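First up is the structure itself, then whatever we jot down about it.
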Amino acid sequence: MSIKTIAVLGAGLMGSGIAQVAAQNGFQVHLVDLTFELIEKGLHRARRSLQRLEKAGKIPAGSTETVLSRIQGFIDLEAAAEDADLVIEAVPENLELKKNIFRRLDVVCRPEVILATNTSELSITAIGAATQRPDKVIGMHWFNPPPVMRLIEIVIGRNTSPETVATIEDISQRLGKETVRVKDAQGFVTSRVLAAHMIECMRVLEEGVASIEDIDKAVKLGLNYPMGPFELADYVGLDTMLFVAENLTEAYGDRFRPPQVLRKLVEAGHLGVKSGKGFYDYTKN
Ligand SMILES: CCCCCCCCCCCCC[C@H](O)CC(=O)SCCNC(=O)CCNC(=O)[C@H](O)C(C)(C)COP(=O)(O)OP(=O)(O)OC[C@H]1O[C@@H](n2cnc3c(N)ncnc32)[C@H](O)[C@@H]1OP(=O)(O)O
Ligand SMILES: NC(=O)c1ccc[n+]([C@@H]2O[C@H](COP(=O)([O-])OP(=O)(O)OC[C@H]3O[C@@H](n4cnc5c(N)ncnc54)[C@H](O)[C@@H]3O)[C@@H](O)[C@H]2O)c1
């Protein structure tokens, strides 16, 4: 099947970036969120990113508006998905929410259409089981920021077909990304490994070994990571961090238990860069 139109569900941090990358590579995009205001916010993020790429000579001069013109906003999921050739879901990390959305997509999308999820760690098999097409449900795990990060982790559910895997590998390549194939185990490779690193950094903080700033500095300059753990947590979003840590704890036990300080920040509405405050305060600059 020839893929021309991609529906992207959720215009947040990831959905807006995924929509941008798809549009940059010539696809028509239907971008869905709950309100037009949220879609506008996502488009604004994409415009800023495209302007950076344009300034750096990574995309042709003057192409920002052409790319954005390929993205159409929708608040009606069914209307956005009914003529899409591929769907990529990027709504919050909640299994029941995702299953409900996949049930609705299954009713409205043509039978041959692949339904991909950008979940950070949830079961692809469980999401697939909410549909009558589990062979066409797959994990397509992008990384933040999608326009810059080079990998898509392809997660193969128990009933995902080899044809679906091959199509998503091909599309990922057309989107300029490298891929790895991963079995459907909670947290896949990347989220599980990243969580172990970040949670150990939290323990170091809780034990009073060093400050947030010095742990970040140590990890960046001493270990050559691009971001320290607290900077990265704020960048990814603390709500996502908490959902992921809770689900990994359910799967693997206490070693992934979310630290209290993370829970309290989320309860206070401090979600990191996207809300203005997290481990750091972004309202001062
Ligand atoms: C502590 C809490 C405990 C919590 C426990 C629970 C843990 C749970 C863990 C799992 C979480 C889920 C994970 C998720 O599913 C998967 C992820 O996404 S993981 C995150 C992956 N991302 C990263 O690791 C990012 C690391 N950072 C970087 O790579 C870089 O910092 C950066 C973001 C690329 C920015 O680079 P910098 O050099 O820092 O800054 P610059 O501003 O100079 O940018 C460099 C270069 O990139 C261009 N650029 C940056 N951002 C964008 C953008 N959005 N769009 C376009 N271009 C961009 C910029 O223009 C520069 O280009 P150049 O000038 O070099 O041409
Ligand atoms: N943040 C990251 O770094 C990152 C990286 C990789 C994967 N992920 C995963 O991607 C998904 C989205 O994460 P995010 O960081 O973009 O979250 P986000 O909170 O920034 O965005 C989610 C968006 O989905 C919208 N939404 C909620 N319900 C919806 C519905 N029924 N229909 C359409 N839109 C709806 C919200 O309004 C919001 O704009 C999660 O599963 C997350 O685990 C996140």
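What's counted below: heavy atoms across the whole structure, side chains too, no hydrogens, waters or symmetry copies. Quantities reported herein were computed from a predicted structural model and do not represent experimental measurements. Remember, it's 1-based here, ligands and their atoms both numbered in the order they're listed. We count residues from 1, following the sequence as given.
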(request) Please could you name the atoms of ligand 1 that His141 approaches to less than 4.0 Å, counting only its heavy atoms? (result) 14 (C), 15 (O), 16 (C)
(message) One residue to check: Glu121. Relative to ligand 1, which of side chain, backbone, both or neither has a non-hydrogen atom less than 4.0 Å away?
(response) neither
(message) Is atom 60 (O) of ligand 1 near the protein, in the sense that some protein heavy atom lies at less than 4.0 Å from it?
(response) yes
(message) Evaluate Leu77 for polar contact with ligand 2, using N/O atom pairs at a separation under 3.5 Å.
(response) no
(message) With nothing but distance in play, are any N or O atoms of Tyr235 less than 3.5 Å from an N or O of ligand 1?
(response) no
(request) Please work out which of Ile199, Leu53, Thr190 has its closest non-hydrogen atom nearest to atom 5 (C) of ligand 1. (result) Ile199
(request) Please determine which of Asn159, Val107, Asp106, Leu105 meets the side-chain contact (heavy atoms from CB on, under 4.5 Å) test together with Thr131. (result) Asp106
(message) Are any of the N/O atoms on Thr119, whether in the backbone or the side chain, positioned under 3.5 angstrom from an N/O atom of ligand 2?
(response) no
(request) Could you establish whether Asn118 and ligand 2 come within less than 4.0 Å of each other, counting only heavy atoms on the residue side? (result) yes
(message) When you compare ligand 2 with Val236, is there at least one nitrogen or oxygen pair between them that comes in under 3.5 angstrom?
(response) yes
(message) For atom 2 (C) of ligand 1, what's the nearest protein heavy-atom neighbour? Residue, atom name and distance, please.
(response) Met202 CG, 3.7 Å
(message) For atom 35 (C) of ligand 1, is there a protein heavy atom at a distance under 4.0 Å?
(response) no
(message) Please check whether Leu13 reaches ligand 2 - meaning an N/O of the residue sits under 3.5 Å from an N/O of the ligand, judged on distance alone.
(response) yes
(request) Pick one of side chain, backbone, both or neither for how Ile101 approaches ligand 2, counting any non-hydrogen atom pair under 4.0 Å. (result) side chain
(message) Regarding ligand 2, does Val91 bring an N or O atom to under 3.5 Å of one of the ligand's N or O atoms?
(response) yes
(message) Out of all atoms in ligand 1, which are within 4.0 Å of some heavy atom of Phe143? Include the element for each.
(response) 16 (C), 17 (C), 18 (O)
(request) Have a look at ligand 1 and work out which part of Arg52, if any, has a heavy atom under 4.0 Å from it: side chain, backbone, both or neither. (result) side chain
(request) Examine the proximity of ligand 1 to Met149 and report which part, side chain or backbone, both or neither, has a heavy atom under 4.0 Å away. (result) side chain
(request) Determine if the distance from atom 15 (O) of ligand 1 to the closest protein heavy atom is below 4.0 Å. (result) yes
(message) Polar contacts were defined as any N/O atom of the residue lying under 3.5 Å from an N/O atom of the ligand; does this apply to Trp142 and ligand 2?
(response) no
(request) Only heavy atoms count here, so choose which of Met198, Lys58, Glu93 is nearest to atom 63 (P) of ligand 1. (result) Lys58
